[in-house]
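Below: the structure, in structure tokens.
Numbers for residues simply follow the sequence, beginning at 1.
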Amino acid sequence: MVGWEYALWGLFGGFAVEGLEFSGAIRRTGTWPWRVPDEPGPLPLLVSVLIRLGVGSGLAAAAGIAGQVSGPFGALAIGVAAPLLVEQLTRALPAADASRPPQAPEGPQRRDIAWRDTDAERIRSVEQAPRPAPAVSPHSGGADE
């Protein structure tokens with residue numbers, strides 16, 4: 001498959017989710033959702049759907065081109081899960097303070113030091129543990145035979 005085919009499957013995945021959500025909104029309200037006071041109007045609803053479809057399509061195309069997806073079903077699944085994927089990706093990124101440029105940490109981080117200390121203690125305890133005497137067979141004359 002080529003990139004645009006992955007994109008189309010991702011688009012379909014996003015459309016499937018949006019269609020089911022829209023169907024649920026119609027059932028919940030009993031009319032077009034934008035006619036209910038607390039629901040978004042038709043233009044904001046349309047824009048949100050287009051954003052969702054674009055993100056699903058783009059993620060599926062990127063994953064397909066990168067070889068992370070092997071076929072149509074994988075691309076469709078990425079289109080369905082696009083909001084969740086973006087949320088997980090943003091959680092994985094460190095929060096940056098906009099008032100100053102990002103800086104690399106200086107020296108080892110405290111959690112690295114704590115891990116090294118614990119690991120060193122475990123190694124020392126194994127090295128310093130008393131070792132049992134070698135077993136001597138009752139039929140042998142000792143260890144120097």
**Request:** Consider only side-chain heavy atoms of I, L, V, M, F, W and Y, link residues closer than 4.5 Å, and tell whether Tyr6 and Phe12 are in one cluster.
**Result:** yes
**Item:** Hydrophobic cluster membership, Leu85 vs Trp9, 4.5 Å side-chain cutoff
**Value:** yes
**Request:** Scan residues 53-68 for pairs that pass salt bridge (charged side-chain N to carboxylate O under 4.0 Å, His left out), counting only residues two or more places apart or in two chains.
**Result:** none
**Request:** If a pair satisfies salt bridge (charged side-chain N to carboxylate O under 4.0 Å, His left out) and one of its residues is in residues 65-75, list it, with sequence neighbours excluded.
**Result:** none
Tabulate below the donor-acceptor pairs under 3.5 Å that side-chain atoms of residues 55-78 make, not counting sequence neighbours, or state none.
{"residue": "Ser57", "atom": "OG", "partner": "Ala7", "partner atom": "O", "Å": "3.1"}

**Message:** Restricting to side chain to side chain donor-acceptor pair (under 3.5 Å), what partner residues turn up for Arg28, sequence neighbours left out?
**Reply:** Glu39
**Request:** Could you list all the side-chain hydrogen bond (donor to acceptor under 3.5 Å, both in side chains) pairs where at least one residue sits in residues 72-94, not counting sequence neighbours?
**Result:** Glu87-Arg91
With a cut-off of 3.5 Å and sequence neighbours excluded, list every side-chain donor-acceptor pair involving residues 41-52.
{"residue": "Ser48", "atom": "OG", "partner": "Pro44", "partner atom": "O", "Å": "3.4"}
{"residue": "Ser48", "atom": "OG", "partner": "Leu45", "partner atom": "O", "Å": "2.8"}
{"residue": "Arg52", "atom": "NH1", "partner": "Gly79", "partner atom": "O", "Å": "2.8"}
{"residue": "Arg52", "atom": "NH2", "partner": "Val80", "partner atom": "O", "Å": "2.9"}

**Message:** I'd like to check the side chain to side chain contact (heavy atoms under 4.5 Å, CB included) partners of Trp32; sequence neighbours left out, ordered by chain and number.
**Reply:** Phe22, Ile26, Trp34, Arg35
